[in-house]
Structures are given as structure tokens and as C-alpha cells.
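Every number for a ligand or one of its atoms is a count from 1 in the order of the listing.
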Amino acid sequence: MIVPNHVAIIMDGNGRWATNRGLSRSAGHLEGSKTLEKIAFHALNMGVKYLSVYAFSTDNFKRSKEEVDYLMNLVVKYFKTKADKYHKKGIRILISGRKNNLSDIVLDSITKIEKLTENNTNGTLNICLNYGGQEEIIDAAKKLAEDINNGLNIKDFNRNDFYKYLYHELPPIDLLIRTGGEQRISNFMLYQLSYSEFYFTNTFFPDFDKSEFNKAIFIYENRDRRFGGINKC
Ligand code: IPE
Ligand code: IPE
Ligand code: MG
């Protein structure tokens with residue numbers, strides 16, 4: 001079994017999951033946060049080294065204040081209550097995204113969980129919060145421009161060199177999973193997805209369980225990744 005090194009999940013469908021049950025959208029987000037915990041431990045346990053998840057996009061600020069506030073409070077609570085559990089399992093937590101627009105309470109909880117888990121080596125959970133893929137590329141380009149201004153020679157600069165300018169230096173994504181039925185990227189990790197395999201499921205994220213995750217891995221294992229070349233049969 002070839003376990004993918006880096007799996008990314010667009011955790012979509014929380015709102016519809018809740019609405020279908022006559023619940024508030026917030027109830028869907030709470031349920032989604034429980035699913036995240038189960039899936040993260042399962043994935044990292046089976047040997048996935050990096051798991052990136054889309055928790056809140058830069059564009060999600062277009063939603064009602066009530067929903068945004070609920071999500072931000074949920075993040076703070078999640079980091080506070082789950083930090084020790086992730087830490088005990090040796091998982092490193094990284095947060096990717098823009099820091100502007102986030103309250104001091106959110107920023108503080110990010111700093112704390114990243115610091116606590118920074119030396120852990122059993123796998124990395126990268127949580128994308130106030131994250132946009134185009135924004136990440138722009139922010140990286142700005143950092144690169146600064147280095148060029150300071151004398152960096154970019155004559156031999158190649159696509160691998162660009163990774164260190166992104167929010168965190170993560171490897172390319174091998175498998176992207178999107179729950180919730182939509183078949184689009186919604187501005188997620190554009191640079192790292194260049195040769196990723198895509199897996200879409202209609203299952204809403206709160207219902208996405210270990211067996212569904214295993215199914216995605218199984219399908220991934222049977223894909224023929226060619227990276228522009230030709231594989232021998
Ligand atoms: C994904 O679920 C979680 C976030 C975007 C925060 P949604 O909230 O987008 O759920 P749907 O797509 O409306 O069902
Ligand atoms: C993408 O889902 C963002 C997250 C899952 C956090 P959206 O629900 O925001 O994406 P669109 O609006 O359907 O493209
Ligand atoms: Mg959605």
C-alpha cells in the first residue's frame with residue numbers, strides 16, 4: 001500500500017448537513033470539528049505524514065457575522081481543548097493563512113498551539129484559516145521580491161525553490177479530497193496541488209468517516225500518476 005505523503009481535505013458541507021436536519025449551520029460546524037479530529041488521527045496513524053485541511057477561507061468573511069463569529073470561537077475552543085491530545089500523539093500543528101482580520105484571541109490561540117507542538121515528529125496537521133491560495137502565492141511573491149531587493153540571485157530559481165516562500169514549507173499534495181458534492185478548488189492550496197490526484201464525494205463533511213477516508217486512499221492507490229511522463233506497464 002502506498003500511503004500518500006500529503007493529503008488535503010476541503011471540509012465542505014457542514015451547513016447543508018445541519019440544514020437538512022433542521023439544525024443551525026453552527027451545529028454543522030461543531031459536528032464537522034468532531035469529524036476533523038477523528039479523520040486527522042486516523043490519517044496520521046495510517047502513515048500520512050502531512051494532512052492539510054481547509055477550515056476557513058479568506059472569502060468566508062462574506063458570511064454573516066454570526067456564522068463568522070461562531071467559527072472563530074470554535075477554532076479558539078478547539079485549539080484550547082484539543083492541544084494536549086494532539087501534542088501527546090506527537091502531532092505538529094501548523095496554521096496557514098493571513099493574520100490580518102483575525103482577532104487577538106484567535107492569534108494568541110494559534111501561537112500557543114504552534115509553539116506547544118513545534119518539535120513533534122509523528123505527522124503534521126496544517127490547518128488553513130483565513131486562507132486563500134492566490135493570497136498565499138501573492139504573499140510568497142512579496143517575500144521573494146524582498147529577498148531579491150536584498151541581493152538574492154534568482155538566475156537558477158526553480159519551482160521547488162518557491163515552496164520555502166509559502167506560509168509553511170510543505171511538500172506537494174498527493175491527494176485532494178473534497179466532501180459536500182462540489183467539484184471545485186475554491187482557492188485552496190493552488191501551488192501545492194499542481195500534480196495532486198482529486199477525489200470528490202457527495203458526503204457532507206460531518207458524515208465523512210474513516211471508511212470513506214480509506215475508500216479515497218484506495219482509489220488514490222489505483223491512480224496512474226505520470227507527472228507528464230510515461231509509466232511502463
Ligand atoms: C464548510 O462547510 C466549512 C466552512 C466553509 C467554514 P460550509 O459551511 O461551506 O457548508 P455548506 O457548503 O454551506 O453546506
Ligand atoms: C471552501 O468551501 C472553504 C472551506 C471548506 C473552508 P466554501 O463552501 O467556502 O466554497 P464555495 O463557496 O462553495 O466555493
Ligand atoms: Mg460550502
Side-chain angles (χ1 to χ4, degrees), residues 6-40 43 50-79 81-82 93-103 105-107 109-110 113 125-139 166-168 170 173 175-193 196 198-209 212-213 216:
H6 188 175
V7 176
I9 307 179
I10 300 178
M11 307 186 290
D12 196 24
N14 292 348
R16 282 164 288 161
W17 179 91
T19 308
N20 286 350
R21 284 168 174 71
L23 302 170
S24 66
R25 291 181 58 83
S26 303
H29 295 313
L30 179 63
E31 206 56 33
S33 73
K34 294 178 191 163
T35 300
L36 167 62
E37 186 176 341
K38 284 183 220 147
I39 293 297
Y50 296 85
L51 179 69
S52 290
V53 296
Y54 210 177
F56 191 91
S57 75
T58 51
D59 294 317
N60 287 148
F61 274 109
K62 293 173 188 164
R63 298 186 180 192
S64 72
K65 183 173 179 323
E66 187 194 352
E67 183 165 351
V68 171
D69 285 351
Y70 182 84
L71 283 163
M72 290 300 159
N73 287 333
L74 183 61
V75 164
V76 171
K77 205 166 139 201
Y78 190 82
F79 289 171
T81 54
K82 304 295 176 193
I93 301 214
L94 299 175
I95 315 299
S96 293
R98 283 193 171 161
K99 300 286 187 258
N100 67 337
N101 290 335
L102 296 180
S103 71
I105 299 167
V106 174
L107 291 174
S109 72
I110 291 175
I113 201 163
L125 173 62
N126 171 45
I127 301 176
C128 294
L129 184 69
N130 192 19
Y131 176 87
Q134 291 184 329
E135 283 74 7
E136 181 173 31
I137 293 171
I138 290 168
D139 292 347
L166 298 170
Y167 292 135
H168 294 287
L170 300 165
I173 294 165
L175 169 65
L176 171 76
I177 297 169
R178 182 171 186 145
T179 61
E182 313 298 350
Q183 303 196 1
R184 53 180 175 250
I185 305 184
S186 302
N187 202 20
F188 191 45
M189 300 188 82
L190 302 178
Y191 198 82
Q192 301 90 335
L193 282 171
S196 170
F198 284 20
Y199 176 84
F200 297 105
T201 171
N202 288 332
T203 303
F204 296 134
F205 189 67
D207 289 331
F208 187 74
D209 59 11
E212 284 241 27
F213 185 85

Any side-chain to backbone donor/acceptor pair from Thr201 onto Thr179? Under 3.5 Å, distance only.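 Side chain of Thr201 to backbone of Thr179, a donor-acceptor pair under 3.5 Å: no, none is there.
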Atom pair CG/NE2 of Leu193 and His6 - distance to nearest 0.5 Å: 8.5 Å
Would a 4.5 Å heavy-atom cut-off, applied to side chains only, mark Phe200 and Arg184 as touching?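 No. Closest side-chain heavy atoms not under 4.5 Å.
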For the residue pair Phe208 and Phe205, categorise the inter-ring angle as parallel (less than 30°), tilted (30 to 60°) or perpendicular (more than 60°).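 Parallel: the ring planes of Phe208 and Phe205 meet at under 30°.
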When you measure from the Mg ion (ligand 3) to each N, O or S atom of Asp12, which atom gives the shortest distance?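 Closest to the Mg ion (ligand 3) among those atoms: OD1.
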Scan Met189, Glu182, Arg178 and name whichever one has a side-chain contact (heavy atoms from CB on, under 4.5 Å) with Ile10. Arg178
Are Arg98 and Asp139 ion-paired here, with the side-chain N under 4.0 Å from a carboxylate O? yes
Show me, by chain and number, every protein residue that has a heavy-atom distance under 4.0 Å to ligand 2.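 The answer is Ile10, Met11, Asp12, Tyr54, Ala55, Phe56, Asn60, Arg63, Arg178, Arg184, Ser186, counting any residue whose heavy atom sits under 4.0 Å from ligand 2.
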